[in-house]
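Encoded as structure tokens, the structure appears first; notes follow it.
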Amino acid sequence: MSSKNVQALYAKSIQAAGSEDVLLSQMPVEDVMAIDPLLGLAVGRLRENKVIRKPGYDGEYGVIRVFEDNEVDRLRGQNELFARAPANSLARAFGKPTTMKTVRKKGVKAAELFKTPVKKKNDMPASVDLETLNTEQTEIAGTYDCPVAVTAGPGTGKTRTLALWLAGLVRSGKAKPDQILAVTFTNKAAEELASRLKILLGGGSAEITVQTFHSLAFQIITTWYPRVKSIYDASGRNSIIRYIFPENTQGAIRALADKIEAFLDGTLDPVEPEIEAAALKYQDMLESIHGIDVAALCSEANLIFESRREVLDYYRNKYKALAVDEFQDINKTQYEFLSLLADPSGRALPSILVIGDPDQAVYGFRGSDPGLFKKFVADYKAREKMLSSNYRSSGTICMASGDVIGHNQTSAGMNLTPVRQTGPLVSVFHAPDEYKEAEQIAKTIRALVGGTDLIESGGIYTGDGNGSSPYSFGDIAVLARTHRSAEHIIEGFVEHGIPVSVRQASSPFTQPPYSAIADIFRFLANRQDIVAYRNIVARLIPELEALQLDALFVALASSGGLVEHITQHRAVQETLSEGERGRVETLHRFLEFIEAEVETQGVYKGLFLILEKLHERIGADLEAKLLEEMLLETARAHGTNLQGFIRSLFLEQHETVGMPNAERVSVLTFHAAKGLEFPVVFIAAAEEGISPQARTDTDLEEERRLFYVAMTRAGERLFISHAASRDLYGRTEAASPSRFIDEIRTVLRTTFHMPKRRKKFNQPSLF
DNA sequence: CGTTGAATCTGGCGA
DNA sequence: AGATTCAACG
Ligand SMILES: Nc1ncnc2c1ncn2[C@@H]1O[C@H](COP(=O)(O)OP(=O)(O)OP(=O)(O)O)[C@@H](O)[C@H]1O
């Protein structure tokens with residue numbers, strides 16, 4: 001079936017159903033069957049969630065594996081099918097039609113994807129116990145009359161205690177929910193805390209402010225200065241800096257951008273006059289387009305507090321209680337923000353609880369200063385507390401991680417007493433290369449969830465001997481130091497049919513080649529944002545040169561964001577040929593079309609059309625497609641709320657959610673894993689040069705803390721793997737095992753080697 | 001002027 | 001490897 005046919009068919013089906021949503025979610029399956037049996041089958045299976053959404057590593061767009069092997073071929077065009085048909089009005093859109101790169105590889109055996117068992121033990125319902133505290137925890141959770149600073153190791157119930165401290169405020173009537181503020185450093189932590197509070201307090205918890213420093217600051221800024229509309233992250237920052245200082249080389253731009261970032265965040269030390277000057281120029285530009293840089297959010301909020309007494313008083317009166325988790329990650333500016341909200345010398349100090357673990361300080365690169373913990377204790381005359389019982393990890397994992405962190409000179413050396421018993425040894429696995437590493441992890445996961453692969457491959461885990469498979473995909477996480485090494489794992493999982501969930505840091509949609517998406521939404525929401533406009537044109541009509549872009553830029557600036565007459569502007573007439581102006585006008589029509597679609601059909605529709613447009617020019621690799629799916633989901637959730645979507649785009653991490661309830665293995669960076677826990681953890685790419693990194697400015701102790709964070713996420717089983725060689729920029733580099741592995745005493749680990757790489761040879765089954 | 005091939009570069013974590 | 005930028009060529 002050719003894709004044209006599929007498009008036509010799909011269009012026909014939508015027509016019959018009334019809308020694509022109706023088709024996908026409401027129309028009786030039999031009716032869809034009547035239009036086309038194959039489509040009916042697909043829709044039916046989609047609805048039953050019997051679907052593994054397989055990211056298109058083979059060059060297809062968002063392939064959804066709904067069919068068995070023999071069926072797949074019949075649906076060759078399913079990519080377009082699920083990507084929906086293109087809007088006719090755009091068929092001959094601007095730009096020269098470029099052929100989309102299509103790579104087709106043989107797909108995995110679809111049948112494999114279906115034999116994966118679903119859910120096992122972690123069906124812990126609402127009855128999950130969040131209330132029980134030990135004596136030390138209880139004491140902390142009940143202290144409201146004096147600031148408290150808690151230092152405690154991983155798994156000691158810090159977050160649990162903090163949640164109950166917050167809940168206690170409400171239950172005891174000491175504070176109303178809307179008088180309570182809990183600040184976190186990551187969105188994940190905020191979500192986690194909010195969901196715990198919901199369980200503890202029910203609906204009333206919604207009134208409690210649980211936010212990251214950044215999103216809180218953004219909210220404060222936009223409340224009092226509604227003029228600010230566009231958010232610029234590292235990627236947007238780079239493009240503006242490149243525009244302002246065009247004479248700089250790539251490397252110089254990056255160095256400058258890094259320093260400007262630190263300056264904006266108030267953590268540049270010492271402040272270099274040239275950097276300050278450059279940063280101010282940059283901020284002028286942002287100011288003029290009604291934008292703000294993420295790095296400047298906290299500093300700007302502080303400025304508002306300092307310059308507008310009534311604003312500060314408003315927040316001081318509002319919050320009667322304040323809690324900060326992961327306090328070791330705080331930086332100078334955030335500390336100032338905090339002390340502005342809760343004046344340590346003031347008369348009416350709110351209840352304050354801060355909790356942290358110096359051994360888990362891993363944000364040195366963005367200016368966090370663990371010394372601020374001591375400063376807090378001194379400034380607030382806080383009562384210091386400790387927790388020492390680890391409830392999360394087996395005795396083995398506690399000891400092993402203790403061995404590693406013990407190598408840090410600056411380790412607090414806190415004693416950690418495991419509550420849980422000794423467990424299986426830490427499994428260390430040597431693979432010949434990163435592909436084999438991924439494969440082995442995939443096989444081990446299969447074995448853990450009930451497969452038999454590992455018996456065949458003579459591998460690491462052969463079950464608990466009782467034939468039961470105690471784990472589900474959702475119990476398992478693979479952690480990696482860098483996104484790059486995580487990607488290899490994801491690819492391997494896709495190939496081996498392991499359902500995977502990926503959590504990205506800052507939105508990939510603010511970076512090329514997707515930055516056009518971010519810019520389009522920015523521009524639609526903020527017509528003053530001519531930088532966004534320039535980026536859109538540069539990305540979508542790449543043939544235009546800098547001078548021509550400048551002409552458009554100037555023209556738009558002088559027209560106050562009105563796009564219509566730009567091409568008549570003198571500067572544009574002079575620098576662009578008639579054909580080029582025509583293409584720009586087509587682009588304008590496209591933007592207006594998107595705007596209308598967003599208003600009437602929602603952000604989802606707009607985003608979908610943009611992605612489609614983008615794919616006329618660029619192909620999409622594995623990760624891209626996974627991400628597109630995910631972003632479309634996010635967009636759908638925001639309906640027609642453009643502002644909400646933008647905020648989420650720039651300030652939140654994005655996770656592939658895909659099919660609801662689908663059990664997935666989490667693949668995360670060490671940083672992203674902080675605060676989470678999994679019964680089974682794999683640490684991948686434990687190699688010198690990766691973990692620890694080997695750069696001139698690498699802080700070895702921070703690298704070790706990161707590794708420690710990764711290890712301590714595990715409850716029962718910890719696997720550490722490394723590859724002897726790894727492809728890097730086309731070169732194959734030899735790599736030796738991470739020193740952190742050796743730091744674990746030998747009796748706590750077992751080591752496995754993989755046979756040397758055999759080309760294209762499949763191990764025959766032994767049984 | 002537009003196309004093509006060669007040279008260059010890729011640097012981490014997150015809001 | 002793969003994307004992007006640059007130089008030489010038609
Ligand atoms: N008193 C307790 N009784 C039973 N379980 C507990 C208790 N305290 C904590 N736990 C459990 O221990 C685990 C770790 O708790 P929590 O996530 O609060 O630790 P944490 O100190 O914040 O860890 P980390 O710093 O590593 O993120 C959780 O599964 C929690 O439910």
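Heavy-atom basis, side chains included; hydrogens, waters and symmetry copies ignored. So you know, we letter chains A, B, ... as the sequences are listed, proteins then strands, and number each from 1. In this text, all values refer to a predicted model and were calculated from it rather than measured experimentally.
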Pairing of [X] and [Y] as salt bridge, 4.0 angstrom limit:
| X | Y | result |
| --- | --- | --- |
| A:Glu702 | A:Arg705 | yes |
| A:Arg739 | A:Glu743 | no |
| A:Asp329 | A:Lys674 | yes |

Across the strands shown, which category fits [X] at heavy-atom distances under 4.0 angstrom: base, sugar-phosphate, nothing?
| X | answer |
| --- | --- |
| A:Tyr363 | sugar-phosphate |
| A:Phe213 | nothing |
| A:Asp697 | base |
| A:Gln211 | nothing |

When you measure from the side-chain N and O atoms of [X] to the phosphate of [N], is any distance below 4.0 Å, counting only OP1 and OP2?
| X | N | value |
| --- | --- | --- |
| A:Arg731 | B:dT10 | no |
| A:Tyr232 | B:dA15 | no |
| A:Thr669 | B:dG14 | yes |
| A:His483 | B:dC13 | yes |
| A:Arg484 | B:dG11 | yes |

Name the closest nucleotide to the A:Thr186 side chain, picking from B:dA15, B:dG12, B:dC13.
->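 Of all the options, the side chain of A:Thr186 is nearest to B:dA15.
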
Which listed nucleotide (B:dT10, B:dG12, B:dG14) is nearest to the side chain of A:Ala672?
->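 Between B:dT10, B:dG12, B:dG14, the one nearest the side chain of A:Ala672 would be B:dG14.
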
In whole angstroms, how far is the P atom of B:dA15 from the CG atom of A:Asp325?
->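 Distance check: A:Asp325 CG to B:dA15 P gives 15 Å.
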
Going by atom types alone, do A:Asp727 and A:Thr732 pair a side-chain donor with an acceptor below 3.5 Å?
->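 Yes - a donor-acceptor pair under 3.5 Å links their side chains.
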
Any stacking of A:Phe365 on B:dC13, going by centres under 5.5 angstrom and planes within less than 30 degrees?
->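 It does: the ring sits over the base of B:dC13.
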
